[in-house]
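Remarks on the structure that follows.
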Amino acid sequence: MLDINFIKENRERVEKAIKDKGEKDISVVEKVISKDEAWRSKVHEGDLLRSESNTKSSKIGELMSKGKKEEAQAIIKETSAMKEQIKEIEEEVKKLRVERDSLLFRIPNIPHPSVPVGATEDDNETFKAWGTPDESAWRKPHWELTERHGWVDFERGVKVTGAGFPFYVGGVAQLQRALINYFINEATKAGYTEMQAPYFVNEDSARGTGQIPDKEDMMYEIPRDGFFNIPTAEVPVTNFHRDEILENKDLPKKYVCHTPCWRREAGSYGKDVRGLNRLHQFDKVELVKIVKPEDSYDELESLREHAEGLLKALELPYRTLLMCTGDMGFTQSKKYDLEVWSPGQQRWLEVSSCSNFESFQARRMQLRYRKDEKEIEILHTLNGSGLALPRVVSAILEAYQEENGKVKVPEVLKPFFGRDHL
């Protein structure tokens, strides 16, 4: 979330950010400022009353020692009433703070000045492109290849769980495992610390990274235990240091984590959801950075370059988009999307998002560092997919297929296979 003082001092900029990100309720800015003023006023009222009560109480002993018991009893009675009043004020302070913070959670992050202003995906800008998209008409879409070889079983997935929960069998199961190992190995070479994280998180963790209150409808929930299935490893990994003060010498923190991911967002109609294009459960290797504020945009570029390097190594043509304000999400300051070319579908498919959240998540999580002996500052958080598996798998199947229906193994993955074809 944004700092309340920043909102007060930059009201027009915050209101513009709300508009640019496609949020409709600009009045939330006026509401949160008003609620903060009410909270501060009530805090001040409580402080004054507490000071007055303490002053009066300090006289009780003196009066008692002088034998002025009636005067002392009068003050005791008065301070007792004041304590009850203070208790009521404290309850009101807590209530006002909760109401103010609930409004703060509804204000999106401020876009970086380099982010293009726009409303839809048509307003995104192509930042980079690599490779030549194959437009050969003979290439089959991945769902035909997986059905032919029995590599992905959607029907049994529906039987066992439901739509969007496929089984991976044989060659594609091994391909997924190879990709996960390859992505993690490349990340550790680049200085990321490997992590295995919980697959479920509590409400505080979901709130810390901005999944709530914003994306509740996209997450699977276990109400009995108060848990959410993770939509991405970003949530547990970024919350790993929640409520901590890190030391300057220990920064940056860089983590890589493979997890399954669960999302309710999968649709049920159209070409966008055929095969592996959109699932309720999928695997992803996530990269998370926790860095000093002055380093975060350099770290964003290195994050993007790392994800791009994986696609280059797999020899998959891709393009990198700089996302516009209306298409980059509630929590991000700046986001790149990497899209891989799908030759069997003749279209681009998103396989990674690389985002800088600046202090937006860290402020929610009270994730800070000791800048020096006297100053403690909020950190910046970043994350990126390195990479999401299903669409990378589909792109490999389509790009590496041969006209006889066989699928070659990418060169960088051969050490995980020991053979040339899936």
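For the single chain, residues carry numbers from 1 onward in sequence order.
Within 6.0 Å of CD in Glu12 there are 12 or fewer heavy atoms belonging to other residues, nucleotides or ligands. Remark: Arg11 CZ is packed, more than 12 non-hydrogen atoms of other residues, nucleotides or ligands lying under 6.0 Å away. The neighbour count for Glu216 CD, taken as heavy atoms of other residues, nucleotides or ligands under 6.0 Å away, is above 12. The number of heavy-atom neighbours closer than 6.0 Å to NZ of Lys94, taken from other residues, nucleotides and ligands shown, is 12 or below.
Looking at Glu15 and Lys19, no side-chain N of the basic residue comes within less than 4.0 Å of a carboxylate O on the acidic one, giving no salt bridge. Using a cut-off of 4.0 Å between Lys/Arg side-chain N and Asp/Glu carboxylate O, Glu90 and Lys87 are scored as not salt-bridged. Salt bridge status for Arg264 with Asp217: absent, with no side-chain N to carboxylate O gap under 4.0 Å. A salt bridge does not link Lys249 with Glu247: none of the charged nitrogens is closer than 4.0 Å to a carboxylate oxygen. A salt bridge is absent between Arg319 and Asp337: the closest approach of a Lys/Arg side-chain nitrogen to an acidic carboxylate oxygen does not fall below 4.0 angstrom. Ion pairing between a basic and an acidic side chain is recognised when a charged N comes within 4.0 Å of a carboxylate O; Glu398 and Lys140 show no such pairing. Between Arg391 and Glu339, none of the side-chain N atoms (NZ, or NE/NH1/NH2) sits under 4.0 Å from a carboxylate O, so this pair counts as no salt bridge.
Using a 3.5 Å distance cut-off with no hydrogens or angles, the side chains of Gln361 and Thr209 do not pair a donor with an acceptor. A donor atom on one side chain and an acceptor atom on the other are not found under 3.5 Å apart for Ser333 and Asn356. Residues Ser205 and Asn202 bring a donor and an acceptor atom of their side chains to less than 3.5 Å of each other.
Checked against a 6.0 Å centroid threshold, the rings of His306 and Tyr192 count as neighbours. Under the 6.0 Å cut-off for aromatic ring centres, Tyr336 and Phe127 qualify, their centroids lying closer than that.
The salt bridge (Lys or Arg N to Asp or Glu O under 4.0 Å) analysis of residues 297-306, with sequence neighbours excluded, yields the pairs Lys289-Glu299, Glu301-Arg304, Arg304-Glu308.
In terms of modelled atom types and a separation under 3.5 Å, the side chain of Glu194 and the main chain of Val256 share no donor-acceptor contact. A distance-only check finds no donor-acceptor pair linking the side chain of Asp36 to the backbone of Val32 [under 3.5 Å].
Partner Val291 forms a side-chain contact (heavy atoms from CB on, under 4.5 Å) with one of Leu382, Leu300, Thr381 and no other, that one being Leu382.
Between His241 and Lys253, the closest side-chain pair of non-hydrogen atoms falls below 4.5 Å.
Classification of the Trp130-Tyr318 ring pair by plane angle, with boundaries at 30° and 60°, yields parallel. Aromatic ring pairs are classed by plane angle as parallel below 30°, tilted from 30° to 60° and perpendicular above 60°; the pair Tyr220 and His280 is perpendicular.
In this structure, Lys42 NZ and Asp47 CG are separated by 12.5 Å, a value rounded to the nearest 0.5 Å.
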